[in-house]
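Working notes, structure below.
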Amino acid sequence: IQGAQRLLQRLTAISTIAKGTDLGELPQMLPVILSGFPQFANLGVLTPRGKVLFSVVPPPRDVDMRSIPAFQRALKTRDVVVGSYLVGLIVGRPILFIAQALRDSSSRPQLVLFAALELAWLDKLTKQSGLPPQSALFIVDRSGHVLSKSVGNTRVYVERDKSCSGQVELIVNAKGM
């Protein structure tokens, strides 16, 4: 996730915006970047209204990203925003949507760069973590969705924490931890 954040920060720093929809070198750069990083399902550029201006993976239809909370948050901050689990509107697979707005000299969002982090890659990475036999690794998003898990010989079950309105999942050892 940090790699995706750094990538968007660097692309934002080197991108210059002459007009609201000027993509500059991004259509040439993004496919090259995507081809070298299997952790990304897609890279692209959106308008501030959520319309796809460029996507390395061609959209299957007219896609509107306005409803994605991370996109909405990216319009309100200068920071890179990491979303939560969703099935990608373009790739049709589980992803984490990560975004950063490109701003003009008056700080108005002109474009939004996005990276779709491939959750299948994250799952593969956790399974290769080489955990000791009595351990477990869970990666959970801000909404409490288990994005990836790797469990040694430990038996676990997942229990909803009622005090957190079902938003957080507690991972509990079957021995009664």
Side-chain angles (χ1 to χ4, degrees), residues 1-105 107-129 137 139-143 145-150:
I1 293 174
Q2 289 177 343
Q5 290 174 309
R6 282 193 303 273
L7 173 64
L8 292 182
Q9 288 168 340
R10 288 185 180 139
L11 287 172
T12 301
I14 64 171
S15 298
T16 58
I17 305 170
K19 298 177 184 171
T21 58
D22 179 13
L23 300 179
E25 306 258 336
L26 291 172
Q28 292 79 33
M29 291 174 32
L30 296 180
V32 173
I33 294 168
L34 184 64
S35 70
F37 293 92
Q39 64 267 39
F40 296 123
N42 195 12
L43 297 169
V45 184
L46 308 171
T47 70
R49 295 183 183 260
K51 180 181 178 205
V52 177
L53 286 177
F54 178 78
S55 173
V56 176
V57 176
R61 62 193 177 291
D62 191 28
V63 175
D64 185 346
M65 303 273 203
R66 281 182 298 190
S67 64
I68 298 175
F71 168 78
Q72 294 168 4
R73 289 194 328 269
L75 293 173
K76 297 175 185 172
T77 181
R78 291 186 165 280
D79 299 327
V80 175
V81 175
V82 178
S84 58
Y85 165 89
L86 66 100
V87 174
L89 299 177
I90 296 173
V91 297
R93 298 187 305 272
I95 62 163
L96 275 182
F97 187 84
I98 303 169
Q100 183 170 25
L102 288 168
R103 298 176 180 281
D104 64 14
S105 59
S107 295
R108 289 183 303 252
Q110 297 299 303
L111 301 171
V112 177
L113 292 173
F114 74 87
L117 185 65
E118 182 78 68
L119 289 186
W121 175 83
L122 191 60
D123 193 49
K124 182 179 176 182
L125 187 66
T126 57
K127 289 188 180 5
Q128 295 174 348
S129 62
L137 170 66
I139 299 175
V140 182
D141 72 7
R142 72 179 79 242
S143 300
H145 296 104
V146 176
L147 302 177
S148 180
K149 65 184 174 187
S150 179

Q) Can any side-chain N or O of Gln72 pair as donor or acceptor with the backbone N or O of Arg66 at less than 3.5 Å? A)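 Yes.
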
**Q.** Backbone of Ala99 reached by a side-chain donor or acceptor of Arg73 within 3.5 Å
**A.**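 Flag not set: sc Arg73 to bb Ala99 has no pair under 3.5 Å.
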
Mind listing the closest non-hydrogen atom pair of [X] and [Y] along with its distance?
X      : Y      : value
Pro94  : Glu118 : O-OE2, 4.1 Å
Ala41  : Arg93  : CB-NH2, 3.5 Å
Phe37  : Ile33  : CD1-O, 3.0 Å
Asn42  : Ser55  : ND2-OG, 2.7 Å
Leu26  : Pro31  : O-CD, 4.2 Å
Pro109 : Leu75  : CG-O, 3.6 Å

Q: Check the pair Phe71, Phe97 against ring-ring contact (aromatic ring centres under 6.0 Å, His included), reporting the backbone distance first and the verdict last.
A: CA-CA 8 Å; Phe71 168 78; Phe97 187 84; 7.3 Å; no

**Q.** Residue pair Ile95 / Phe114, side-chain heavy-atom distance below 4.5 Å
**A.**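 Contact flag for Ile95/Phe114 side chains = no.
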
What distance do [X] atom [atom1] and [Y] atom [atom2] have between them, rounded to the nearest 0.5 Å?
X      : Y      : atom1 : atom2 : result
Phe40  : Leu117 : CZ    : CG    : 6.5 Å
Leu111 : Phe54  : CG    : CZ    : 13.0 Å
Leu113 : Leu30  : CG    : CG    : 7.0 Å
Arg78  : Leu102 : CZ    : CG    : 11.0 Å

Q) Looking at residues at least two apart in the chain, or sitting in another chain, which of them share a side chain to side chain contact (heavy atoms under 4.5 Å, CB included) with Leu89? A)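 So Leu89 forms a side chain to side chain contact (heavy atoms under 4.5 Å, CB included) with Val63, Met65, Ile68.
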
